[in-house]
Amino acid sequence: MTTLRARLTLWNTAVVLAMTLASLVAARIIARATLYADADAELRSGATEVVLALQDLSPNIDAVVAEIGRKARSHEERGWFSQLLTEDGTTIWKSVHCPASVADYPPHNLDREENIVQVGPYRYVRLRITRPGQPTYHVRVGTDTTGLDERLTSLLQQLTVVGLALAMLTPVAGWWLARRATRPVGDILQIADQLRPTRLGDRLPVRGSRDELDRLARTINRLLDHVADHVDRQQQFVADAAHELRGPLAAMRSLVEVAVSHDRSPAEYRETLEEVLEEMRHLSSLANAMLTLAEAGGDDATTTCEDLDLAAVVRQTAAMFAGVAEERGVRITVDAAPVVLPGSAAQFRQVLGNLLDNGIRFTPPGGTVSVRLAADADRALLTVRDSGEGIAAGHIARIFDRFYKTDPARSRHDGRSGGLGLPICKAIVERHGGTIAVASGVGQGTTVTVALPLRAGGGRRPHTAAPPPLAASTP
Amino acid sequence: MHVAIIEDDPVIAKAVGKAVREAGHECTWVADGDTAIRDRTLASSDLVVLDLMLPKTGGLSVLEAARSAGIRTPVLVLTALGTVPDKLRGFTAGADDYLVKPFAVDELLARIEAIHRRAGHKPALEMAAGPLHLTLATKRVTLSGRTIELTPTEFSILELLMRFNGQVVTRKMLCEHVWGFDWDGPTNVIEVHINRLRGKIDKDRSDSFICTIRGRGYALAVA
């Protein structure tokens with residue numbers, strides 16, 4: 001009984017059987033009541049006939065007896081019996097077939113016009129005969145109800161046969177209905193069973209019936225869309241990352257291959273090793289950037305979130321870049337209102353650092369990079385605006401894509417974050433529940449705007465500052 | 001000083017061991033946590049470089065066991081586990097310092113020196129390197145007796161270079177010393193200050209006090 005279908009069948013059968021049983025009981029009660037009501041009506045009309053005949057007669061008791069005897073004979077043909085009683089219930093006359101149990105049955109409720117009494121297998125109607133100035137009599141007209149009960153039993157037997165036949169058909173019908181109802185679930189199971197991370201193209205059939213199963217299929221399909229999208233992006237990221245790693249690897253390989261191809265002086269070897277070291281530093285930076293991205297984009301609690309003085313982070317990071325900017329003839333202005341929000345200082349230093357680094361690198365001497373931090377009731381706005389060369393409209397849409405470079409000809413060493421700077425910013429800002437946008441045009445400079453909620457809870461998930469328990473810490 | 005390296009990667013252990021010995025210290029290599037506990041490596045060394053992902057008993061367990069036994073030998077954790085919670089776990093277990101792989105050997109050596117110094121005596125308040133003289137309290141630097149005006153950033157950089165006179169100081173160490181955090185982005189934010197510092201202290205010299213060590217960092221080379 002583990003399948004839904006079997007359970008549905010079982011329940012269906014149980015319910016139908018209970019209903020059949022209830023119907024049989026109800027049918028018996030109704031049929032019995034109907035049959036007896038009919039019998040009573042007939043007995044009553046027979047008795048009324050006798051009463052009418054006797055009412056018109058003289059008080060002479062012999063004439064009365066003669067008359068009731070005549071009536072009784074015609075009643076006998078229908079299997080009825082009659083009895084005449086005095087006002088106090090003494091039998092004056094009874095028909096030949098009147099059973100002793102009825103004849104001796106003590107009359108009661110004689111003050112009433114009529115009563116109907118069942119004595120064993122017999123049933124009679126008693127009527128009162130009242131005539132002004134004459135003694136009162138009672139007449140009983142009765143019949144044997146055994147036939148009635150036999151008819152009732154026979155009827156019930158037939159109904160029971162029908163009921164049993166239904167009961168035997170019920171599990172079959174129930175099985176069929178359950179199969180019909182659960183077939184879409186089976187389809188869903190079958191398709192879900194075939195899904196593999198490598199083959200996420202399949203979708204569950206939506207029949208358009210708008211019922212629960214359709215909604216389930218639609219929900220699962222949406223989940224599959226998200227999963228497929230996520231897997232696609234991860235695969236793309238891995239492919240891009242591998243591609244990026246090949247650059248420094250190829251450089252190191254050729255450096256070393258050339259170095260070992262001939263005997264060289266220690267100074268030459270030293271130079272090669274230093275060049276290899278430089279490439280390795282580039283590789284390490286790339287690995288660190290990818291880890292930062294994975295950390296910022298991941299859902300595990302790797303971020304410590306304290307109350308962060310964002311203005312301080314802005315000033316510290318700007319101070320770090322002050323020397324570089326001065327050297328390049330670029331002015332940095334900082335206008336930071338006090339803003340405190342839940343966040344990770346290390347991560348926001350990354351954001352500020354990337355934005356300032358970009359701003360300074362792409363601004364010609366004499367230009368300005370202005371950093372502004374302001375807050376309204378529920379969010380902080382951080383803008384980094386440069387007066388640099390700007391970004392063409394075609395690039396802006398893709399500027400947050402991982403490893404995207406506006407200038408493919410730019411060498412590896414010009415941009416050591418390898419096209420991960422802005423994606424890292426975006427991941428960090430979104431992890432803190434904020435948004436990041438770039439507005440730019442060629443020759444107009446670039447403005448990056450970061451909006452952040454001032455209170456936690458606006459993020460994709462609650463941040464936890466507590467480190468995981470130490471017991472599970474040993475790797 | 002006797003340095004123990006508890007590390008399962010023989011390449012890293014060999015490289016670090018060589019560097020430590022060349023820096024004038026003794027060095028032993030222990031390849032797994034069980035051996036470290038059995039040989040009481042932490043108790044018998046002056047300083048321990050500890051990997052966390054070790055076969056059999058992990059590095060954190062080794063560290064916790066030693067600390068709960070009252071052994072206070074300075075421990076520098078050297079691991080690929082670099083998230084903030086990882087580091088917090090390391091420090092909670094009793095680490096004195098934490099360095100994430102991939103790392104610069106120069107930085108490791110400098111940190112070993114720093115931990116050793118902290119464990120022993122307080123850092124010098126005055127330092128001298130040839131004609132250069134630096135006083136921490138007054139933030140004053142003199143070259144052959146003449147005062148040189150330095151920005152706080154330049155002073156900070158020179159201070160670290162003088163502290164590790166003759167050794168390589170990486171960009172990361174300088175960034176963290178000057179600003180409190182590292183910048184691993186496209187722009188070298190240290191270089192400009194190094195160049196200005198050179199302009200001020202190398203006035204009448206043909207070669208600079210400060211050498212750029214390609215791929216590694218900078219070093220003060222003053223006898």
Side-chain angles (χ1 to χ4, degrees), chain A residues 270-271 273-285 287-289 291-292 295 298 300-304 313 316-317 319-328 344-347 349-350 353-354 356-358 360-361 413-418 421 464 466-470 472-475, chain B residues 33 51-54 57-64 79-93 100-106 151-154 157 170-172 175 178-197 212-217:
Chain A
R270 184 183 182 84
E271 195 189 337
L273 286 174
E274 284 175 353
E275 281 167 339
V276 168
L277 212 51
E278 188 62 42
E279 289 301 325
M280 284 177 159
R281 224 163 69 76
H282 176 51
L283 270 181
S284 294
S285 290
N288 286 340
L291 267 179
T292 306
E295 243 173 77
D300 45 331
T302 48
T303 322
T304 43
V313 169
Q316 287 163 3
T317 318
M320 184 184 247
F321 284 90
V324 175
E326 205 183 311
E327 191 71 11
R328 299 205 182 171
S344 149
Q347 294 195 350
R349 279 189 207 116
Q350 283 269 330
N354 278 315
L356 283 169
D357 201 323
N358 282 343
I360 294 166
R361 270 188 305 133
H413 299 273
D414 277 359
R416 278 194 312 107
S417 65
T464 42
L470 282 167
S473 66
T474 310
Chain B
D51 184 17
L52 292 188
M53 285 189 279
L54 292 170
T57 308
L60 277 180
S61 308
V62 174
L63 182 52
E64 279 164 354
T79 176
L81 303 170
T83 65
V84 173
D86 287 329
K87 291 180 185 171
L88 290 179
R89 273 197 290 277
F91 283 117
T92 310
V100 180
K101 294 176 186 172
F103 61 98
V105 174
D106 295 320
T151 63
T153 306
E154 289 157 5
I157 289 172
T170 65
R171 257 169 56 178
K172 176 168 175 268
C175 272
V178 175
W179 292 293
F181 51 91
D182 180 29
W183 177 244
D184 190 26
T187 300
N188 182 341
V189 291
I190 284 290
E191 197 171 33
V192 48
H193 298 286
I194 292 276
N195 288 339
R196 288 180 186 175
L197 188 56
T212 302
I213 317 287
R214 200 161 154 206
R216 294 166 75 187

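Given the structure is predicted, the values throughout are model-derived calculations rather than measurements. The chains referred to below are lettered A, B, ... by the order of the sequence lines, with proteins before strands, and numbering in each begins at 1.
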NZ/NE/NH1/NH2 to OD/OE distance under 4.0 Å, B/Arg216 and A/Glu274: no
Exercise: identify the closest heavy-atom pair between B/Arg196 and A/Gly323: NH2-O, 3.6 Å
Minimum heavy-atom distance between B/Thr187 and A/Val324, given as atom pair plus value: CG2-CG1, 3.5 Å
Chi angles and distances behind the side chain to side chain contact (heavy atoms under 4.5 Å, CB included) call for B/Trp183, A/Thr317: CA-CA 9 Å; B/Trp183 177 244; A/Thr317 318; over 6 Å; no
Nearest-0.5 Å distance that lies between atom CD in A/Gln350 and atom CG in B/Asp182: 9.0 Å
Heavy-atom pair of closest approach, residues A/Arg361 and B/Pro186: NH2-CG, 3.6 Å
Which of A/Ala322, A/Ser284, A/Gly353 touches chain B most, by non-hydrogen pairs under 4.5 Å: A/Gly353
Nearest non-hydrogen partners of B/Asp184 and A/Ser285, listed with the distance: OD1-OG, 2.8 Å
Side chain to side chain contact (heavy atoms under 4.5 Å, CB included) evaluation trace for A/Arg281 with B/Thr170: CA-CA 11 Å; A/Arg281 224 163 69 76; B/Thr170 65; over 6 Å; no
Reference residue B/Arg214; test salt bridge (Lys or Arg N to Asp or Glu O under 4.0 Å); the match among A/Glu279, A/Glu278, A/Glu275: A/Glu275
Greatest number of heavy atom pairs closer than 4.5 Å to chain B - which of A/Glu271, A/Gln316, A/Glu326: A/Glu326
